[in-house]
Every structure is written in structure tokens, then in C-alpha cells.
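Worksheet: the structure to be examined is printed underneath.
What you are looking at is a predicted structure, and each value in this text was computed from that prediction instead of being measured. Remember, it's 1-based here, ligands and their atoms both numbered in the order they're listed. Along the sequence shown, the residues carry numbers beginning at 1.
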Amino acid sequence: MFAIAIDGPAGAGKSSVAKAAAKALGFTYVDTGALYRTIALYMLENHICLEDSAAVVAALPDVEIALEYGPEGQRTLLGGRDVSQAIRTQEVSMAASKWVAHVPEVRRFLVGLQRELAQKAHVVMDGRDIGTVILPEAQLKVFLTASPEARARRRTLQLEEAGEPADFDQVLREVVQRDQQDMDQLAKRAPDVVELDTTGLGFSQVVETLTGLARERIMEYNKEKR
Ligand code: DC
């Protein structure tokens, strides 16, 4: 199987770029953030104190997560219930980024599931540790970055489009806060990663650059296999 790992900070455009590139390449797009968000949702719904990592770890065996793929893309299931929308709230986002993602047992709990997905299909997988921990053998590893201002601008637009008008300065503060919670500790660059700074690039330019890189690697990979 051919795997493309896309890592980088929140708001660098990873998910929309990865999704579009996967579609262009005929690959499955795997959004791994959904897994951390689903665990956060479970803890919130079951009133498990997120600050108490021992309680979070104790509850993990009861968290039944599944990812499904269809024409609509990825569906996230928690105990068989579709939580694809429910995991997108700001509350879940903060809970995942501030607490859940930092618990080593949570990260270990999710390794097998992510690796299995990459064994079943050609994937574009996005996250923070895909190229370093989950799929260190990925044939293409990309680290997407963008300035905090560019990321906050994109996020503000997204929220407006979703009918949740947002204040740019507030969003920028949240972006910086999430970087501190998230990036320093979590998003790491693999040694053989291609860094792509998307500040000032349009969405389609980023997707074209990524798919171009992928097509080159796929050709090399097919040659090596022959
Ligand atoms: O990409 P996202 O915003 O949906 O991710 C939600 C949180 O999950 C994010 O704060 C960091 C964490 N995460 C992670 O630690 N490792 C991943 N592979 C993906 C996400």
C-alpha cells in the first residue's frame, strides 16, 4: 500500500488539502484528529474529569471507536453512533488538544487502529505524528505549515461559512494557544519530511503541489516494485 502522511499544526489546512489530494489520487482520506476528538467526547459525555489522566486511562477500554469510509468520506462512530458532527464543537476541540492528546496511553491505544487503516487502502492520513510514529514507512511525508495569522484567517472564514461568525483576534489567540498546547509537544518533523509552507498560497496551489509530489513518488514506487 502507498501511504501519504501529512502532519502539521492546527489550522494549516491539513484536512481540506489532504481530503482534496486523496480525492484527486483515488486514495482514502483518514482524519486521525477525529479519533482524539471522539475520546474527548466520550470523556465529556460520561463526566470523566479530563484533568485526571488516570480516570481517562481507566475509561479507555470502554471507548468503542470505528472509522468508516464511503462516498461521503470518513464517518466516525462511537459505540456504533455516528459522532462525525458532534466531535466538531469548540468544547471537544479544546478537550482533545489540551488533555486527551497528551496522555501517552491514549496515543498508544490509537496506534493499531491507524496502522490497520493504512494496511487496507492507499491513504492520505493527516495528524501530528503520522510520519514519525504511526507510519514511519510512509512513502511520502509532508509537514504543512502556515503563519498563525494565515491560519487564523482561514479558521475565521470557515467559522463564518459554517454560520458561526467569529472575531479574528479571538481566533488568532486560540490558534496561538493551541500551538502551545499541541505543536511543540506533538507535531514533529520526520527526518525525510517535505516541508510545505502554505502562507500566501491558494488552496488549489497547495493541493497541486501535494498531488504533484505524490505522483512523482508513486511512479518511483511502482518502478521499484517492478
Ligand atoms: O486535527 P484536529 O484538530 O482534528 O485534532 C484534534 C486534536 O487531536 C488536536 O488538538 C491534536 C490531536 N491530534 C493528535 O495529537 N495526533 C493526531 N495524529 C491527530 C490529532
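- For the pair Leu144/Ile6, a side-chain contact is recorded, criterion being any heavy-atom separation below 4.5 Å from C-beta on.
- Residue Arg107 has at least one nitrogen or oxygen atom sitting less than 3.5 Å from a nitrogen or oxygen atom of ligand 1, judged on distance alone.
- At under 3.5 Å, a nitrogen or oxygen of Arg128, whether backbone or side chain, sits near a nitrogen or oxygen of ligand 1.
- Ionic pairing of Lys14 and Asp31 is not present here: no N-O contact between side-chain nitrogen and carboxylate oxygen is shorter than 4.0 angstrom.
- Here the CG-OG distance, from Leu77 to Ser84, works out to 6.5 Å after rounding to the nearest 0.5 Å.
- Taking distance alone, with nitrogen or oxygen atoms compared against 3.5 Å, Lys14 stays at or beyond that limit from ligand 1.
- For ligand 1 and Ser97, the ligand atoms under 4.0 Å from any heavy atom of the residue are 10 (O).
- When the options Leu110, Thr32, Asp31 are ranked by their closest heavy atom to atom 19 (C) of ligand 1, first place goes to Thr32.
- Ligand-side atoms of ligand 1 in range of Ala101: 12 (C), 15 (O), range being under 4.0 angstrom from any heavy atom.
- A salt bridge links Glu45 with Arg81: the distance from a Lys NZ or Arg NE/NH1/NH2 to an Asp or Glu carboxylate oxygen falls below 4.0 Å.
- For ligand 1, the polar-atom distance check finds an N/O of Asp129 within less than 3.5 Å of one of the ligand's N/O atoms.
- Arg128 and Asp7 are not joined by a salt bridge, as no carboxylate oxygen comes within less than 4.0 angstrom of a charged side-chain nitrogen.
- Between Ile39 and the choices Ile87, Leu50, Leu44, Val100, the side-chain contact (heavy atoms from CB on, under 4.5 Å) rule is met once, by Val100.
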